[in-house]
S.K.: 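Mind looking over this structure? Questions follow.
The structure presented is a predicted model; accordingly, all values stated were derived computationally and were not measured. Index from 1, following the sequence.
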Amino acid sequence: MEVFQVLEHGSLRIGLQPGAQRLSEAEVLRLEQVAADYPGLCRFERSQVTFAQFAGLICLGERMLEILPKVGSEPTSTETCRGILLRLLRISGALPTPLADAASQSLRSMPLLDLFISAYFDELARLARGGLMQRYVGDEQDLRVLRGQLDVRRQVGRLANRGDQLACRFDELSQDHACNRFLKKALRSLRPLLRAQVLSRRWVELMQVFDAVDDSGLSLQSWRDPPRDRSTRRYEPALQWAGWILRLLSPSLRGGDSAAPALLFDMNRLFEQAVGVQLRQTLAPSGLQLGTQDGGRHLAEVRRGDLLHPAYALRPDLVLRRGGAVVAIGDTKWKRLATGKGAFDLPARADAYQLFAYASAYRCSELALIYPTVAASQPQSPLELRLPVVDGRRVRLRVLFADVGDDLLPLLGSLGETLWHPAPPARAAVQLG
């Protein structure tokens with residue numbers, strides 16, 4: 001299967017025949033069906049398709065499309081973009097198992113499809129080293145010596161004239177059960193996609209491990225997640241990888257419970273999760289508690305008679321508390337800081353309004369907007385916006401940048417000693433209101 005790439009915010013033209021940077025009409029129809037399950041995935045125009053917000057893989061039939069994130073407006077190599085995605089996946093814990101040394105040059109040069117296949121193979125090899133799980137499976141056989149229980153109905157029926165045969169019904173330990181069938185089905189489905197010789201060799205070795213497992217009755221159209229219990233806990237990462245692979249390779253977009261054939265990550269959500277993980281570790285020694293997707297508060301109340309009804313629910317991405325009291329609120333934005341007309345860039349008007357609404361509802365004067373950057377190629381200047389007074393205190397909105405080119409995802413751009421982290425002195429200030 002051919003794998004081709006497009007960067008986030010990039011476009012592919014539409015033509016009669018597929019090409020390196022061109023989608024066929026049949027592929028566009030398939031992409032439209034995938035986009036129905038992922039709002040914001042792309043924008044369809046008369047002669048091209050423009051991608052945004054999501055990164056990952058989409059199966060377009062004979063070809064696999066790899067969408068990679070892009071940070072900033074400067075040209076960026078495919079390897080760098082892939083490294084950013086792998087780094088955020090590792091930090092956020094979005095993968096069933098982290099990829100070892102996710103930002104290494106060797107991994108960044110491999111297509112996502114090969115990376116995910118290799119990770120699945122690693123999990124199957126780990127299970128094989130510990131021995132595949134066995135379960136008692138019911139069986140019926142006609143034997144010369146009684147084993148288990150005698151099936152009287154079968155004995156007096158089909159075997160009535162066979163004095164040398166006993167209709168036995170018994171349970172025996174077997175590797176041929178739902179979980180292993182599920183794993184083997186995903187393993188078998190990968191065979192046409194293997195291009196690297198090392199992956200082909202590993203595939204043969206793993207198929208031998210599952211030799212006693214019969215997956216022939218499990219079709220890609222009708223697969224189900226196998227039952228999970230305490231005994232399958234060590235199988236959990238492999239089962240998640242198998243589920244992803246089967247969804248990615250599902251031949252039918254609308255085949256019952258089958259999801260669209262894609263493995264995609266919402267970059268807004270992924271960036272938020274990664275920043276949250278790193279901030280929680282950084283702020284732990286200070287006694288601050290970090291909450292994510294904090295809900296329960298509203299901007300307004302609607303009066304109807306004697307009753308008040310909440311309106312405009314608020315859910316900030318990051319809320320810092322000390323002893324239960326809110327001391328700072330932040331929102332992550334997976335996009336570029338808007339280009340300003342003056343000597344500095346400003347957050348989008350809607351983003352500033354959104355943060356001020358948080359300040360009003362939470363009675364909080366310390367705010368932050370966090371954008372992605374690659375500090376090595378995109379140096380950022382500190383920026384602070386002074387907003388109107390709330391609850392007797394001047395509200396400060398800091399513009400911060402998470403360096404997605406660094407494994408520690410450090411925050412850059414704060415002004416002096418702050419709740420978020422110590423930083424260099426101020427270089428710019430803007431007055432609003």
S.K.: If the condition is ring pair (Phe, Tyr, Trp, His ring centres under 6.0 Å), which residues does Tyr120 pass it with, not counting sequence neighbours?
M.R.: none
S.K.: Distance from Glu79 atom CD to Met110 atom CE, nearest 0.5 Å?
M.R.: 12.5 Å
S.K.: So Thr373 and Val404, do their side chains get closer than 4.5 Å, heavy atoms only?
M.R.: no
S.K.: Enter the distance from Thr282:OG1 to Leu411:CG here, rounded to the nearest 0.5 Å.
M.R.: 7.5 Å
S.K.: Mind checking what makes side chain to side chain contact (heavy atoms under 4.5 Å, CB included) contact with Ala35, not counting sequence neighbours?
M.R.: Leu41, Cys42, Phe44
S.K.: Measure from the side-chain N and O atoms of Asn180 to the backbone N and O of Gln175, and report whether any donor-acceptor pair falls under 3.5 Å.
M.R.: yes
S.K.: Taking NZ, NE, NH1 and NH2 as the nitrogens, is one of them in Asp331 or Lys333 under 4.0 Å from a carboxylate oxygen of the other?
M.R.: yes
S.K.: Have Asp139 and Gln141 got a donor and an acceptor in their side chains that come within less than 3.5 Å?
M.R.: yes
S.K.: Could you name each residue pair satisfying salt bridge (charged side-chain N to carboxylate O under 4.0 Å, His left out) that touches residues 366-378, not counting sequence neighbours?
M.R.: Glu366-Arg396, Glu366-Arg398
S.K.: Mark yes when over 12 heavy atoms from residues, nucleotides or ligands other than Arg13 sit less than 6.0 Å from its CZ; otherwise mark no.
M.R.: no
S.K.: Quick one: list whatever passes side chain to side chain contact (heavy atoms under 4.5 Å, CB included) with Leu7, sequence neighbours left out.
M.R.: Leu68, Lys70, Cys81
S.K.: For the backbone of Leu337 and the side chain of Asp345, can you confirm whether one donor and one acceptor N or O come within less than 3.5 Å of each other?
M.R.: no
S.K.: Could you work out, with side chain to side chain donor-acceptor pair (under 3.5 Å) as the rule, every residue matching Asp171, not counting sequence neighbours?
M.R.: none
S.K.: Answer yes or no: is there an ion pair linking Arg233 with Glu236, defined by an N-O contact shorter than 4.0 Å?
M.R.: no
S.K.: So does Met133 get a backbone contact from the side chain of His177, meaning a donor-acceptor N/O pair under 3.5 Å?
M.R.: yes
S.K.: When you compare the side chain of Asp294 with that of Leu318, does any pair of heavy atoms fall below 4.5 Å?
M.R.: no
S.K.: Output yes when a side-chain donor or acceptor of Arg181 lies under 3.5 Å from a complementary backbone atom of Asp176, and no otherwise.
M.R.: yes
S.K.: Salt bridge (charged side-chain N to carboxylate O under 4.0 Å, His left out), that's the test. Do Arg202 and Glu205 meet it? Break it down for me.
M.R.: CA-CA 5 Å; Arg202 294 185 68 189; Glu205 295 170 352; 5.7 Å; no
S.K.: Any idea which heavy atoms bring Glu123 and Pro237 closest together, and the distance?
M.R.: OE1-CB, 3.5 Å
S.K.: Going by side-chain contact (heavy atoms from CB on, under 4.5 Å), Leu112 matches just one of Leu263, Leu86, Ile67. Which one?
M.R.: Leu86
S.K.: Is any side-chain heavy atom of Leu367 closer than 4.5 Å to a side-chain heavy atom of Tyr362?
M.R.: no
S.K.: Check whether the side chains of Glu45 and Gln48 place a donor and an acceptor atom closer than 3.5 Å, and report yes or no.
M.R.: yes
S.K.: Can you check whether Leu346 reaches Val399 side chain to side chain, under 4.5 Å on heavy atoms?
M.R.: no
S.K.: Using side chain to side chain donor-acceptor pair (under 3.5 Å) as the criterion, list what pairs up with Glu27, not counting sequence neighbours.
M.R.: Arg63
S.K.: For Phe401 and Tyr371, take the angle between the two ring planes, folded into 0 to 90°, and tell me which bin it lands in: parallel under 30, tilted 30 to 60, perpendicular over 60.
M.R.: tilted
S.K.: Short question: side chain of Arg22, backbone of Gly15 - any donor-acceptor pair under 3.5 Å?
M.R.: no
S.K.: Counting only N and O atoms by type, is there a donor-acceptor contact under 3.5 Å from the side chain of Arg315 to the main-chain atoms of Gln293?
M.R.: yes
S.K.: Provide the closest heavy-atom pair for Leu246 versus Ala186 in the form atom of the first, atom of the second, distance.
M.R.: CD2-CA, 3.9 Å
S.K.: Output the distance between atom CG (Leu397) and atom CG (Asp351), rounded to the nearest 0.5 Å.
M.R.: 9.5 Å
S.K.: Side chain to side chain donor-acceptor pair (under 3.5 Å) with Arg195: which residues, sequence neighbours excluded?
M.R.: none
S.K.: On a heavy-atom basis, which atom in His298 and which in Ala311 lie closest, and how many Å separate them?
M.R.: CB-O, 3.3 Å
S.K.: Give, for atom CG of Leu12 and atom OG1 of Thr50, the distance between the pair rounded to the nearest 0.5 Å.
M.R.: 8.5 Å
S.K.: Using a 4.5 Å cut-off on heavy atoms from C-beta on, say whether the side chain of Met207 contacts that of Arg188.
M.R.: yes
S.K.: Sequence neighbours excluded, which residues qualify as side chain to side chain donor-acceptor pair (under 3.5 Å) partners of Thr80?
M.R.: Ser77
S.K.: Just wondering, do Leu60 and Leu23 contact through their side chains at under 4.5 Å, heavy atoms?
M.R.: yes
S.K.: Compare all side-chain heavy atoms of Ile91 with those of Gln278 and state whether any distance is below 4.5 angstrom.
M.R.: yes
S.K.: Show the numbers, then the answer: is there a side chain to side chain contact (heavy atoms under 4.5 Å, CB included) between Leu127 and Phe210?
M.R.: CA-CA 11 Å; Leu127 292 178; Phe210 286 85; 5.6 Å; no
S.K.: What residues form a ring pair (Phe, Tyr, Trp, His ring centres under 6.0 Å) with Trp241, not counting sequence neighbours?
M.R.: Phe116, Trp244
S.K.: When you look at Leu270 and Leu89, which way does the side chain to side chain contact (heavy atoms under 4.5 Å, CB included) test go after all the steps?
M.R.: CA-CA 7 Å; Leu270 188 62; Leu89 288 172; 3.9 Å; yes
S.K.: Please list, chain by chain and in numerical order, all residues satisfying ring pair (Phe, Tyr, Trp, His ring centres under 6.0 Å) with Phe51, sequence neighbours excluded.
M.R.: none
S.K.: Sequence neighbours excluded, which residues qualify as salt bridge (charged side-chain N to carboxylate O under 4.0 Å, His left out) partners of Asp266?
M.R.: none
S.K.: Main chain of Pro372, side chain of Trp334: is a donor-acceptor contact present, judged purely on distance under 3.5 Å?
M.R.: no
S.K.: Main chain of Thr97, side chain of Arg90: is a donor-acceptor contact present, judged purely on distance under 3.5 Å?
M.R.: no
S.K.: Taking Lys184 for its side chain and Asp215 for its backbone only, find out whether a donor-acceptor pair lies under 3.5 Å.
M.R.: no
S.K.: Can you check side chain to side chain contact (heavy atoms under 4.5 Å, CB included) on Asp151 and Cys168, steps first, answer last?
M.R.: CA-CA 6 Å; Asp151 188 337; Cys168 301; over 6 Å; no
S.K.: Mark yes or no for whether Ser118, through its side chain, and Asp114, through its backbone, hold a donor-acceptor pair below 3.5 Å.
M.R.: no
S.K.: When you look at Val71 and Glu8, which way does the side chain to side chain contact (heavy atoms under 4.5 Å, CB included) test go after all the steps?
M.R.: CA-CA 9 Å; Val71 178; Glu8 184 184 10; over 6 Å; no
S.K.: Could you check whether Asp406 pairs with Arg87 (Lys NZ or Arg NE/NH1/NH2 to Asp/Glu carboxylate O, under 4.0 Å)?
M.R.: no
S.K.: In Å, rounded to the nearest 0.5 Å, how long is the span from CG of Leu206 to CG of Asp211?
M.R.: 12.5 Å
S.K.: According to side chain to side chain contact (heavy atoms under 4.5 Å, CB included), who are the partners of Val390, at least two apart in sequence or on a separate chain?
M.R.: Phe356, Arg363, Val395
S.K.: To the nearest 0.5 Å, tell me how far Ile117 CD1 sits from Leu248 CG.
M.R.: 8.5 Å
S.K.: In the structure I gave you, are the side-chain heavy atoms of Asp37 and Leu264 within less than 4.5 Å of one another anywhere?
M.R.: no
